[in-house]
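See structure below.
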Amino acid sequence: MAVDETTAPARGPKISFVSLGCPKALVDSERIITRLRAEGYELARQHDGADLVIVNTCGFLDSAKQESLGAIGDALAENGKVIVTGCMGAEPEAITERFPQVLAVTGPQQYESVVAAVHQAAPPAHDPFLDLLPPEGIKLTPRHYAYLKISEGCNNRCTFCIIPKLRGDLVSRPAADVLREAERLVAAGVKELLVISQDTSAYGVDVKYAPSSWRGREVPAKFIDLARALGELGVWVRLHYVYPYPHVDDVIPLMAEGQILPYLDIPFQHASPDVLKRMRRPAAQEKTLDRIRRWREICPVLTIRSTFIVGFPGETEEDFGFLLDWLEEAQLDRVGCFRYEPVAGAVSNDLAAAVPAEVMEDRWHRFMQRQRAISQRRLKRKVGTRQQVIFDQVEGTNAKGRTKGDAPEIDGTVQVTSHRPLRIGEIATVKIDRADAYDLHGTVVGF
Ligand code: SF4
């Protein structure tokens with residue numbers, strides 16, 4: 001059949017998209033792109049030649065803000081038609097003062113406003129084949145893993161953080177909504193779901209754990225119930241941004257039984273009671289070391305990853321020494337450490353005297369040295385064991401993958417060799433032959 005010009009699908013305007021910031025911002029980007037693709041817009045590989053550029057900004061740290069401003073400047077220079085969204089959009093003056101030519105500035109999660117601004121700047125083309133959009137939406141992560149955002153905002157008020165100011169209080173999605181999205185992702189080939197939010201352990205508090213209907217039963221919007229239901233989907237389920245509240249104990253048996261991954265990402269940030277108090281961290285008063293010990297008794301293969309801040313205002317040498325001792329006791333598997341950065345508008349900046357830059361630097365190095373030794377010891381214990389490994393990158397019979405104890409992008413990897421060609425997203429049993437500072441090396445022994 002000849003296709004005449006009136007029935008042929010028109011090419012939609014081309015959008016160049018820059019996504020900066022954390023996984024939560026990445027999920028926002030995916031939602032915006034999904035919506036635009038559904039309307040027939042196309043994605044451009046570069047700013048030059050695109051009809052429009054969207055920059056999803058991050059405003060968490062001053063260095064992130066600078067990166068965002070740089071990205072906006074580049075987009076204006078290379079294209080000229082720019083819409084800005086994301087965390088920095090919560091304070092639009094910071095952007096419009098510097099770049100008055102920006103077409104529109106919208107805040108985080110304001111999908112409708114972004115799309116409306118795009119419609120105005122580059123109206124969508126009519127396309128009779130729009131329904132070809134895959135039902136799982138458009139993902140920016142590889143096909144085999146996906147972030148699953150269960151809530152927006154945060155009820156905590158950590159003094160170094162301006163996220164609640166930018167994103168508001170906790171708003172949890174109904175459990176059935178989250179589970180249906182997870183099902184769609186799994187049906188599309190996703191093998192690993194990464195559960196994210198600002199405070200995953202607080203899920204559902206705002207809606208009083210209201211149940212919703214999924215697979216013919218009522219599922220409460222509650223941390224444990226959601227974890228259990230996700231565990232039924234038969235894929236890897238990894239929990240990020242969890243705080244050590246007593247109710248978190250309930251998911252450890254699910255990990256021990258293999259229903260969800262034996263992995264917890266807990267941003268402890270510090271250990272000294274004084275510093276934690278000044279940080280106003282959630283669950284800081286819980287007996288964390290006892291809790292970790294008990295978790296490991298129930299689930300010995302549990303991997304705990306965390307992040308810390310050194311040089312928080314008023315941190316004394318004694319506080320820091322307490323943190324180093326705590327690290328030795330806690331024996332965490334994977335740890336990131338940041339030097340304190342005074343984010344504009346954060347309460348913490350004026351709580352106590354700033355730690356001098358050279359002291360902060362020295363503490364950072366001492367922290368990293370101590371933790372590196374701990375992480376290496378823990379990694380070495382895996383040599384000789386058999387681990388399930390998921391492959392992220394493949395070149396013939398060689399692959400780079402991750403064990404159940406490694407999240408994508410932030411943790412270590414396993415370099416794998418095999419007798420037969422491997423596929424991205426495939427999971428195999430790998431015998432671990434050796435460990436170096438951060439990564440493992442092994443051989444496939446079964447599929
Ligand atoms: S838990 Fe604290 S650091 Fe995390 S988003 Fe909420 S206020 Fe910010």
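We use all heavy atoms of the structure for the numbers below, so side chains are in, but hydrogens, waters and symmetry mates are not.
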Audit row: Q46, S16, side-chain hydrogen bond (donor to acceptor under 3.5 Å, both in side chains) steps and yes/no: CA-CA 6 Å; Q46 51 197 32; S16 179; over 6 Å; no
With a 4.5 Å limit on heavy-atom distance, are the side chains of [X] and [Y] in contact?
X: V53; Y: I83; answer: no
X: Y209; Y: D225; answer: no
X: T303; Y: L264; answer: no
X: L148; Y: L230; answer: yes
X: S63; Y: E341; answer: yes
X: D392; Y: I424; answer: no
X: V195; Y: H240; answer: no
X: L226; Y: V178; answer: yes

Which pair of non-hydrogen atoms, one from [X] and one from [Y], has the smallest distance, and what is that distance?
X: E192; Y: P408; result: OE2-CD, 3.8 Å
X: Y243; Y: A283; result: CB-CB, 4.3 Å
X: S68; Y: M88; result: CB-SD, 3.5 Å
X: Y263; Y: A407; result: OH-CB, 3.4 Å
X: L379; Y: D439; result: CD2-N, 3.7 Å
X: P246; Y: R291; result: CA-NH2, 3.3 Å

Can a donor-acceptor pair be found, under 3.5 Å and without considering hydrogens, that links the side chain of [X] to the backbone of [Y]?
X: S212; Y: A176; result: yes
X: S272; Y: D319; result: no
X: S375; Y: D333; result: yes
X: Q393; Y: N398; result: no
X: W364; Y: C337; result: yes
X: R334; Y: Y438; result: yes
X: N79; Y: A50; result: yes
X: R280; Y: F160; result: no
X: N349; Y: V343; result: yes
X: K404; Y: P262; result: no

Which value, rounded to the nearest 0.5 Å, describes the distance between [X] atom [atom1] and [Y] atom [atom2]?
X: L324; Y: Q369; atom1: CG; atom2: CD; value: 10.0 Å
X: K149; Y: T200; atom1: NZ; atom2: OG1; value: 11.5 Å
X: E78; Y: D48; atom1: CD; atom2: CG; value: 7.0 Å
X: I309; Y: M279; atom1: CD1; atom2: CE; value: 4.0 Å
X: K14; Y: D51; atom1: NZ; atom2: CG; value: 8.5 Å
X: N56; Y: L26; atom1: CG; atom2: CG; value: 9.0 Å

Heavy-atom neighbours of [X] [atom1] exceed 12 at 6.0 Å:
X: Q101; atom1: CD; value: yes
X: Q120; atom1: CD; value: no
X: R157; atom1: CZ; value: yes

Thinking salt bridges, do [X] and [Y] make one under a 4.0 Å N-O criterion?
X: D28; Y: R167; value: yes
X: E152; Y: R31; value: yes
X: R278; Y: D274; value: no
X: D411; Y: R305; value: yes
X: R339; Y: E358; value: no
X: E395; Y: K400; value: no
X: E183; Y: R215; value: yes

From CA spacing to verdict: side-chain hydrogen bond (donor to acceptor under 3.5 Å, both in side chains), D74, H47: CA-CA 9 Å; D74 291 349; H47 296 341; over 6 Å; no
For E181, the option from L185, L179, D177 that meets side-chain contact (heavy atoms from CB on, under 4.5 Å): L185
Among R238, M255, Q388, the one residue meeting side-chain contact (heavy atoms from CB on, under 4.5 Å) with L261: R238
Derivation and outcome, side-chain hydrogen bond (donor to acceptor under 3.5 Å, both in side chains), residues Y340 and S348: CA-CA 10 Å; Y340 177 76; S348 53; 2.7 Å; yes
Cation-pi check, R402 onto Y145 ring (under 6.0 Å, within 45° of axis): yes
Short side-chain donor-acceptor distance under 3.5 Å, D199 and N156: yes
Criterion side chain to side chain contact (heavy atoms under 4.5 Å, CB included) on I32 and V118, from CA distance to verdict: CA-CA 10 Å; I32 296 166; V118 173; over 6 Å; no
Stepwise side chain to side chain contact (heavy atoms under 4.5 Å, CB included) check, I374 with L327: CA-CA 8 Å; I374 296 169; L327 276 185; 4.2 Å; yes
Working for side-chain hydrogen bond (donor to acceptor under 3.5 Å, both in side chains), residues S29 and S19: CA-CA 6 Å; S29 297; S19 185; 2.6 Å; yes
Side chain to side chain contact (heavy atoms under 4.5 Å, CB included) evaluation trace for L103 with K81: CA-CA 7 Å; L103 298 176; K81 285 174 89 178; 3.9 Å; yes
Derivation of the side chain to side chain contact (heavy atoms under 4.5 Å, CB included) call for R366 and F320: CA-CA 10 Å; R366 282 156 66 202; F320 182 68; 3.7 Å; yes
Proximity of H270 and F312 rings by center, below 6.0 Å: no
Result of checking F308, F338, W326 against F367 for ring pair (Phe, Tyr, Trp, His ring centres under 6.0 Å): F308
